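What follows is a set of notes on a single structure, which appears directly below.
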Amino acid sequence: MSTSAPAKENAQAERPMGPATTPPGKVAQWFDDRTGLAKPIRYLMHKVFPDHWSFMLGEVAMYSMIICLITGVILTLWFVPSMGHIVYDGSYGPLNGIGMSEAYRSTLDISFEVKGGLLMRQIHHWGALFFIGAVMLHMLRVFFTGAFRKPREINWVIGTVLLLLAMVEGFAGYSLPDDMLSGVGIRVMEGFVQSSPVVGTWLSFALFGGSFPGELIIPRLYMAHILLVPALLVGLFTAHIVLVAVHKHTQFPGPGRTNENVVGFPVMPVYAAKAGGFFFIVFGVIALISALVAINPVWLYGPYDPSPVTAGLQPDWYMGFADGALRLLPGWLEFTLFGFTFSMNLALGSIMLLPVMFTIIGVYPFVEAWVTGDKREHHLLDRPRNAPTRTGIGAAAITMYLVMYFANANDHLAVKLGLSINDITIFLRIAFFVGPIVVFMITKRICLALQRQDRERVLHGNETGRVVQTPDGKFFEVHEPLDPYERWDLVGYEAQRPLQLTSGEDEHGVAAPSAGNDKRRAALSRFYFSDRVEPVTPAELEAAHANGHHEEIDSADSDRRSVTSGSSQH
């Protein structure tokens with residue numbers, strides 16, 4: 001089923017409500033008279049959403065967040081956010097008689113004494129991992145298909161902030177049990193804060209309420225985890241969904257799909273039923289994994305004690321790249337200036353890495369719009385191969401991330417591979433700078449090669465592997481013409497061209513104030529679009545179909561079939 005342009009949706013949404021004759025209708029009429037929600041709700045119910053598997057990534061993120069909110073509310077009923085010291089005497093025998101905080105004790109009680117408590121902890125933790133992973137994959141889909149372009153730049157920025165907040169929320173969450181693993185993580189975070197130039201010590205004292213660890217960090221993380229960050233997440237997620245509805249959903253090119261319409265299913269009844277079923281699928285998968293695969297078994301780690309050496313500990317996967325960045329930074333970046341110690345070997349990979357990285361991600365749509373000079377609205381998505389430079393940039397960024405991520409496990413790699421940890425670290429340092437360049441060049445060349453292959457297929461059709469001979473003795477391979485729907489995907493894109501650089505001077509020979517800026521913009525435009533493959537034009541397609549070779553092939557193929565038919569009759 002397909003639905004046409006938003007104009008038709010709006011017409012449906014403005015249809016007047018008839019008189020209520022049933023009890024539910026009277027109740028709805030009563031609420032509408034006092035809230036005026038009937039019209040916006042009717043508009044949303046007729047909203048059209050396209051159908052594509054990649055759009056489910058955003059739904060997985062939304063459903064995972066809902067699961068985390070539900071299980072989080074349940075866990076707050078029993079968790080005690082206190083660092084008060086007690087001696088354990090509970091159902092987990094190996095820890096009886098051990099001193100610990102009330103936070104750790106309540107975590108053990110949830111795991112062993114509250115019915116279903118351990119499953120709730122597992123679902124909550126796995127749901128958080130699914131949420132962050134789905135947000136990352138969703139952003140990659142948006143980036144590689146160009147869904148961040150006008151008018152969706154603000155939504156891209158909101159998504160970037162959502163990812164950062166999700167990572168902060170995850171860190172605050174797994175720090176709350178006050179076990180050995182989370183305690184070391186908080187200690188590492190305290191080192192990050194202290195590495196802030198000049199003000200690091202004061203920031204640490206303000207955060208911990210004195211010297212580490214103090215007694216305030218768990219209550220403060222608890223309030224951030226259950227109140228401050230979730231409120232920001234829910235608010236931004238709501239704004240994100242509202243903007244999706246306002247801008248209408250993007251869709252991949254295809255027959256009948258334009259910038260002016262949306263082809264897909266309305267929310268009611270089709271999309272709502274599908275979305276509801278998908279929610280229970282996501283919930284079921286998370287619940288199944290939580291029941292079968294243990295995560296964060298805090299009873300095995302014991303309460304936090306700063307005296308043991310815990311070299312084998314690593315953070316959750318989504319923070320692994322930051323830990324890897326610290327391991328790649330050389331120690332000679334620490335120096336003293338004006339009486340202050342600047343620990344740039346820590347600050348660059350901790351305090352500065354996340355703000356710089358997420359700022360670059362957030363401003364990218366504006367940079368690309370400035371380079372291309374494209375101020376049009378875009379509701380049709382790009383195939384990644386049709387934007388080779390953007391795809392190469394994305395692949396280069398993923399390479400940098402993976403290098404930092406693998407550096408997070410350089411000690412494990414050294415043990416498992418029997419190599420020197422110093423050699424592995426040096427190799428990864430080189431790969432951090434060289435790898436993205438190599439991957440960018442290879443990815444861009446692959447995209448251009450795929451574009452050329454698409455161009456050949458459109459002009460000459462698919463190879464059949466069948467060779468025929470014409471009456472004059474020539475040999476040709478028979479090509480099968482493409483289906484019109486298949487051809488649409490291969491030609492439905494625009495080829496951007498580099499911006500033309502003017503002289504930068506007016507009629508009097510005076511240089512324009514923006515001359516230098518225009519040169520930089522033109523250079524970046526050439527970087528983006530100097531290598532390109534033009535899409536097949538209708539004229540080229542008509543000329544290819546009118547080529548004499550095709551007629552000769554068809555004639556020879558017809559003669560061969562008639563000869564074969566005559567031989568079979570004899």
Side-chain angles (χ1 to χ4, degrees), residues 49-50 52-66 68 127-171 229 232-245 247 249-252 278 282 316-322 353-369 378-387 389-405 436 439-440 443:
F49 288 90
H52 193 270
W53 67 267
S54 64
F55 299 150
M56 293 183 179
L57 296 172
E59 295 184 48
V60 172
M62 179 173 65
Y63 300 150
S64 301
M65 186 182 71
I66 294 173
C68 287
L129 299 183
F130 268 69
F131 173 57
I132 298 174
V135 172
M136 286 185 176
L137 293 176
H138 177 64
M139 289 191 67
L140 288 175
R141 196 276 301 174
V142 170
F143 178 84
F144 284 113
T145 59
F148 54 78
R149 293 172 294 176
K150 183 182 179 180
R152 297 175 179 82
E153 302 96 331
I154 295 177
N155 234 0
W156 172 263
V157 174
I158 290 176
T160 304
V161 177
L162 277 171
L163 178 57
L164 177 59
L165 288 175
M167 295 170 66
V168 173
E169 175 76 345
F171 172 80
V229 181
L232 294 173
L233 283 172
V234 172
L236 289 174
F237 213 100
T238 302
H240 186 77
I241 297 299
V242 169
L243 286 177
V244 169
H247 295 149
H249 208 293
T250 56
Q251 57 186 345
F252 284 95
F278 191 52
V282 173
D316 269 354
W317 67 268
Y318 51 86
M319 294 299 294
F321 75 99
L353 176 64
L354 291 180
V356 170
M357 183 181 74
F358 280 92
T359 300
I360 294 174
I361 295 174
V363 302
Y364 180 84
F366 306 97
V367 174
E368 183 174 303
H378 292 273
H379 302 293
L380 292 177
L381 300 173
D382 289 332
R383 297 174 77 203
R385 68 181 61 181
N386 294 333
T389 301
R390 181 202 301 149
T391 303
I393 292 174
I398 293 174
T399 303
M400 296 179 71
Y401 174 87
L402 291 177
V403 170
M404 290 188 290
Y405 187 81
V439 170
F440 169 81
T443 302

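What you see is a predicted model; the values in this text were computed from it and never measured.
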Query raised in the report: Are the side chains of Leu162 and Phe131 in touch, meaning some heavy atoms are under 4.5 Å apart?
Result: no

Query raised in the report: Parallel under 30°, tilted from 30 to 60°, perpendicular over 60°: which one fits the rings of Tyr405 and Tyr401?
Result: parallel

Query raised in the report: Would you call the rings of Tyr364 and Phe148 parallel, tilted or perpendicular, where under 30° means parallel and over 60° means perpendicular?
Result: perpendicular

Query raised in the report: Does Met139 reach the side chain of Trp156, with side-chain heavy atoms less than 4.5 Å apart?
Result: yes

**Report entry** Val356 vs Ile360 side-chain heavy atoms within contact, under 4.5 Å
**Finding:** yes

Query raised in the report: Parallel under 30°, tilted from 30 to 60°, perpendicular over 60°: which one fits the rings of His249 and Phe49?
Result: perpendicular

Query - Heavy-atom pair with the smallest gap, counting every atom of Gly127 and Cys68 - result: C-SG, 3.3 Å

Query - Arg152 and Thr250, any side-chain heavy atoms less than 4.5 Å apart - result: yes

Query raised in the report: For the residue pair Thr160 and Gly362, what are the closest heavy atoms and their distance?
Result: OG1-CA, 4.0 Å

Query raised in the report: Is the count of non-hydrogen atoms from other residues, nucleotides or ligands lying under 6.0 Å from Ile154 atom CD1 greater than 12?
Result: no

Query - Side chains of Ile398 and Leu140 in contact at under 4.5 Å (non-hydrogen atoms) - result: yes

Requested in this report: Check the pair Leu381 / Arg141 against side-chain contact (heavy atoms from CB on, under 4.5 Å), numbers first and verdict last.
Outcome: CA-CA 10 Å; Leu381 300 173; Arg141 196 276 301 174; 3.7 Å; yes

Report summary line: Phe171 and Tyr318 have their tightest heavy-atom pair at N-OH, 3.6 Å

Report task. Measure the shortest side-chain to side-chain distance between Phe143 and Arg390 over non-hydrogen atoms and say whether it is less than 4.5 angstrom. Result -> yes

Query raised in the report: How close do Ile158 and Leu236 get, heavy atom to heavy atom, and via which atoms?
Result: CG2-O, 3.5 Å

**Report entry** Gly146 to Arg149 - nearest heavy-atom pair and separation
**Finding:** O-NE, 2.8 Å

Requested in this report: Would you check if Thr145 and Phe252 make a side-chain contact, meaning some heavy-atom pair closer than 4.5 Å?
Outcome: yes

Report summary line: Thr391 and Phe144 have their tightest heavy-atom pair at O-CE2, 3.5 Å

Query raised in the report: Is Val161 close to Phe358 at the side-chain level, that is, under 4.5 Å between some pair of heavy atoms?
Result: no

Query raised in the report: Would a distance-only check, ignoring hydrogens and angles, find a side-chain to backbone donor-acceptor pair under 3.5 Å from His138 to Ala134?
Result: no

Report task. Verify side-chain contact (heavy atoms from CB on, under 4.5 Å) between Phe321 and Leu353, making sure each step is shown before the conclusion. Result -> CA-CA 10 Å; Phe321 75 99; Leu353 176 64; 3.8 Å; yes

Query raised in the report: When rounded to the nearest 0.5 angstrom, what is the spacing between NE2 in His247 and NE2 in His379?
Result: 8.5 Å

